[in-house]
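The structure displayed is predicted, hence computed values, not measured ones.
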Amino acid sequence: GEEDLRMAAVGAMANMGPAAAAAVPELKAALKDPSHGVSMFAMWALGSIGPAAAPAVDELRRVLREEEDSHARCNAATALGGIGPAAEAALPELVSALKDTDTVAGISAAIALEQIRPKSEAEVPALLDGMRRGDADQRRSSLWAFSQMGPRAREAVPELLKVLHEERGAGELAALFSEDASIRASAARALALRPAADTVGGLFEVLRGTHTEARKAAAWVLGMIEPPSEALPGLRGLLRDSDSHVREGAAAALGRMGPPARGAAGELSDLLEDPHPHVRIAATLVLDRLEAHAPASGEGVSAAQEREGLRLRRLLKDPDARVRMYALWSLAESRLPGTLPDLLAALEDEEPHVRMYACWALGALGASGAPGARRLLMALKDQDRNVRAGAAMALGQIGGSERSSVPGLAQALRDPDPQTRMSAAHALGALGREEAAGALAGALADSDRSVRAGAAGEEAQHMARHLME
C-alpha cells in the first residue's frame, strides 16, 4: 500500500546517509506523517544525514517536548545527536529529557548531549536532580549517563555513590552487590573515577568474598583505575581464580589496561586452554588487543599477526560452537592474510549457527569475499533458514562483480522463509544489475509485508540515487 511505499522510500534515504541531504525538507515534513513507521524512519534518516539536517532541528525539538510516545522521543534525541554540534539549539530540550520517565529516552538524550557538546557540564545538575528525586527508572537512566561521561563526572561521584548505597543499604562498595546489573555497572564506573589509593584495598576485599557478581564488578573496576600499576599484580593473580567468571573479568580488565598489561601475556596464554569457553574467548580477545597496541619487542607486525591467526584458527576447532562463532567473526574483522579458506570451510560446520556466522563473516569481507560467492550460492539451499538468509545477505555485501549470483538470489525470493526472501531482495538491490529488476518487481507482490517493503525500498533507493546524481 501507499504507507509501505512511503516507509520504504524514507528507509532508503536513511540507508544513503549524507548523500540524502537534498531530501531534508521532505524528511522534515515526514516527521508529521500519520504513519508511526514513516515518522520513525524519517528521524533515523535525519540523524544519518548529519550536520546537513540542521533545518529539521526545530521540528525534532518539538517531538522531544510534545510527543507522548517514548519511542518517538528516543528517536528524536538520537537524530539530534547524529546531527551533532549543528543541533546545539536543542540543548535545553535534551537536558530536560535526561529526566524522561522512559529510561531509554533519558539515555538517548545523554548520548546526544555528548555528541553535540562533548565538554558541556550542563547535564550534571540535571542528572544529579534525577538521581535525588526521580523514580527507579530515572535514577537508573541518570546513573548510566554519568557512567558515560568519564572524568567530567568526577565531581558527582560522591553523590552518585550515595544514591547507589541507598539501593543496597550501607557501605561504600555495597552497590556492587546489587541484584540489578545496571546498578552494579554504574557503581563500577563511578568507582573507577576515584583515585586508586582510595579504592584498591576495598575492591580486593570484595574479591576475597564469595559473591560472584560483585567479584566480577570489582575486577572490572581494577582494570579501569589509574595508575594501572596499583592493580596489575592483583589482576594477574585473579587469572588463576577458582571462579571462571572472575578469571574472565580479570582478563577483560587487563585488556582495557592496554600496554601496561603486556607482562601478563604468559598467564593469558594459559587461559587459552581454560575449560570454560567464555574464558577462552576473553583470553584470545585480550591477547589480540595487547598485540595490536604493540608487538613484542624486536618483532614486526607480521609476526604478531601470524600469532593472532594461529590463535583464531585453533579456536575454529574448539568443541564449543560459541567459541567457533567468535573465531569466525574475529578472522573476518582482522583481515588477516589467508582467512578466506577458513571461512569457507566453516560453511560445512555441523552447527547451523556456526554456518550462519561463516556467511556473515564472508559478507563482512566485502569485495574480498568474492571468491566465496559460489559456496554462498550453495548455502542458499542450506536446510537451516538462518543460514540461507545469511548467505543471501553476504552475497549482497560482496557486491556486483559476480553476475552468476543473480539467478540464485532470484530463486531465493521464492524461499519459504520470509527473512531469506527479504535478504535476497536487499542483495539483489545491492548488486545493482539490470537483470535483478525483474525479480525485484515480482517481490512487490510477496505475501509477506516486510518482503514487499524491502523490495520497494530497493527500487526506491535506486530512484533516489538517480535523482541525487
A.B. asks: Run the side chain to side chain contact (heavy atoms under 4.5 Å, CB included) test against Leu380 and tell me which residues pass, sequence neighbours left out.
C.D. replies: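 With sequence neighbours excluded, Leu380 shows a side chain to side chain contact (heavy atoms under 4.5 Å, CB included) to Leu377, Ala391, Ala392, Leu395, Leu409, Ala412, given in chain and number order.
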A.B. asks: With distance as the sole test, does Arg324 use its side chain to make a donor-acceptor pair with the main-chain N or O of Asp318 at under 3.5 Å?
C.D. replies: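 Judged by distance alone, yes, a pair lies under 3.5 Å.
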A.B. asks: Do the non-hydrogen side-chain atoms of Tyr357 and Asp349 ever get within less than 4.5 Å of each other?
C.D. replies: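 They are not in side-chain contact.
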A.B. asks: Is there a side-chain contact between His278 and Ser244 (heavy atoms, below 4.5 Å)?
C.D. replies: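 They are in side-chain contact.
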A.B. asks: Nearest 0.5 Å, please: how far is CZ in Arg421 from CG in Asp415?
C.D. replies: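 Going from CG on Asp415 over to CZ on Arg421, the span is 7.5 Å.
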A.B. asks: In this structure, are over 12 heavy atoms from other groups packed under 6.0 Å from Arg313 atom CZ?
C.D. replies: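 Counting neighbours around CZ of Arg313, more than 12 heavy atoms of other residues, nucleotides or ligands fall under 6.0 Å, so yes.
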A.B. asks: Please tell me if the side chains of Met356 and Asp382 come closer than 4.5 Å, counting only heavy atoms from C-beta onward.
C.D. replies: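 No; the side chains remain at least 4.5 Å from each other.
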A.B. asks: To the nearest 0.5 Å, tell me how far Arg262 CZ sits from Leu287 CG.
C.D. replies: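 Going from the CZ atom of Arg262 to the CG atom of Leu287 covers 9.5 Å.
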A.B. asks: Below 3.5 Å, can you tabulate the donor-acceptor pairs from side chains in residues 361-375 to any protein atom, sequence neighbours excluded?
C.D. replies:
from: Arg375; atom 1: NH2; to: Leu344; atom 2: O; distance (Å): 3.2
from: Arg375; atom 1: NH2; to: Glu348; atom 2: OE2; distance (Å): 3.0

A.B. asks: Testing the basics here: between Val286 and Ala251, what is the closest heavy-atom pair and its distance to 0.1 Å?
C.D. replies: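 Closest approach of Val286 to Ala251: CG2-O, 3.0 Å.
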A.B. asks: Show the nearest heavy-atom pair for residues Leu413 and Ala425, with the distance to one decimal.
C.D. replies: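 Here Leu413 and Ala425 meet closest at CD2-N, 3.7 Å.
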A.B. asks: For Gly249 and Ala219, which heavy atoms make the closest approach, and how far apart are they?
C.D. replies: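 Of all heavy-atom pairs spanning Gly249 and Ala219, the closest is C-CB, 4.1 Å.
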A.B. asks: Looking at side-chain heavy atoms only, is the closest gap between Leu254 and Leu239 below 4.5 Å?
C.D. replies: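 They are in side-chain contact.
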A.B. asks: Say you draw a straight line from CE of Met43 to SG of Cys74; how long is it, rounded to the nearest 0.5 Å?
C.D. replies: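 So the CE of Met43 and the SG of Cys74 are separated by 9.5 Å.
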A.B. asks: Mind running salt bridge (Lys or Arg N to Asp or Glu O under 4.0 Å) on Glu93 and Arg65 for me, showing each step along the way?
C.D. replies: CA-CA 7 Å; Glu93 285 82 6; Arg65 287 193 308 269; 3.0 Å; yes
A.B. asks: Is the closest side-chain heavy-atom distance between Ile398 and Leu376 below 4.5 Å?
C.D. replies: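 Yes. Closest side-chain heavy atoms under 4.5 Å.
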A.B. asks: Does Asn386 reach the side chain of Pro352, with side-chain heavy atoms less than 4.5 Å apart?
C.D. replies: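 Not in contact.
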A.B. asks: CZ of Arg215 to NE2 of His211: how many Å apart, nearest 0.5 Å?
C.D. replies: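 The distance works out to 11.5 Å.
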A.B. asks: What distance separates Arg73 CZ from Asn75 CG, expressed to the nearest 0.5 Å?
C.D. replies: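 Here the rounded value is 11.5 Å.
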A.B. asks: How long is the gap from CH2 on Trp44 to CD1 on Ile49, to the nearest 0.5 Å?
C.D. replies: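 Here the rounded value is 14.5 Å.
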A.B. asks: Please determine whether the number of non-hydrogen atoms from other residues, nucleotides or ligands lying under 6.0 Å from atom CD of Glu350 exceeds 12.
C.D. replies: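 Not buried by this count: 12 neighbours or fewer within 6.0 Å.
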A.B. asks: Under 6.0 Å between the ring centres of His245 and His276?
C.D. replies: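 Judged by ring-centre distance (under 6.0 Å), His245 and His276 do not meet the cut-off.
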A.B. asks: Would you say the side chain of Ile116 lies within less than 4.5 Å of the side chain of Ile83, judging by non-hydrogen atoms?
C.D. replies: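 No; the side chains remain at least 4.5 Å from each other.
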A.B. asks: Quick one, Leu64 with Leu80, criterion side chain to side chain contact (heavy atoms under 4.5 Å, CB included). Give me CA distance, side-chain angles, the key distance, then yes/no.
C.D. replies: CA-CA 10 Å; Leu64 271 181; Leu80 288 164; 3.6 Å; yes
A.B. asks: Have a look at Arg247 and tell me which of Asp274, Asp270, Asp241 forms a salt bridge (Lys or Arg N to Asp or Glu O under 4.0 Å) with it.
C.D. replies: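 It is Asp274, the one option of Asp274, Asp270, Asp241 that forms the salt bridge (Lys or Arg N to Asp or Glu O under 4.0 Å) with Arg247.
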A.B. asks: Considering all heavy atoms of both residues, which atom of Leu94 and which atom of Ala109 are nearest to each other, and what is their separation?
C.D. replies: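 Heavy-atom minimum between the residues: O-CB, 3.6 Å.
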A.B. asks: Run the numbers on Ser330 and Thr284 for side chain to side chain contact (heavy atoms under 4.5 Å, CB included), then give the verdict.
C.D. replies: CA-CA 10 Å; Ser330 296; Thr284 301; over 6 Å; no
A.B. asks: How about Arg61 and Glu66: do any of their side-chain heavy atoms sit closer than 4.5 Å?
C.D. replies: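 Counting from C-beta outward, Arg61 and Glu66 never come under 4.5 Å.
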A.B. asks: For the residue pair Gly338 and Pro341, what are the closest heavy atoms and their distance?
C.D. replies: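 Here Gly338 and Pro341 meet closest at O-CD, 3.3 Å.
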A.B. asks: Looking at Arg388 and Asp417, is any side-chain nitrogen of the basic one under 4.0 Å from a carboxylate oxygen of the acidic one?
C.D. replies: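 Salt bridge between Asp417 and Arg388, a charged N being under 4.0 Å from a carboxylate O: no.
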A.B. asks: Under the side chain to side chain contact (heavy atoms under 4.5 Å, CB included) test against Leu315, which residue among Leu328, Leu331, Val323 passes?
C.D. replies: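 Per the side chain to side chain contact (heavy atoms under 4.5 Å, CB included) rule, the option paired with Leu315 is Val323, out of Leu328, Leu331, Val323.
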A.B. asks: Please check if atom NE2 in His71 has more than 12 non-hydrogen atoms from other residues, nucleotides or ligands closer than 6.0 Å.
C.D. replies: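 Atom NE2 in His71 is not packed in, count stays at 12 or less.
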A.B. asks: Can you see which heavy atom on Leu312 is nearest to which on Tyr326, and at what distance?
C.D. replies: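 Looks like CD2-CE2, 4.2 Å.
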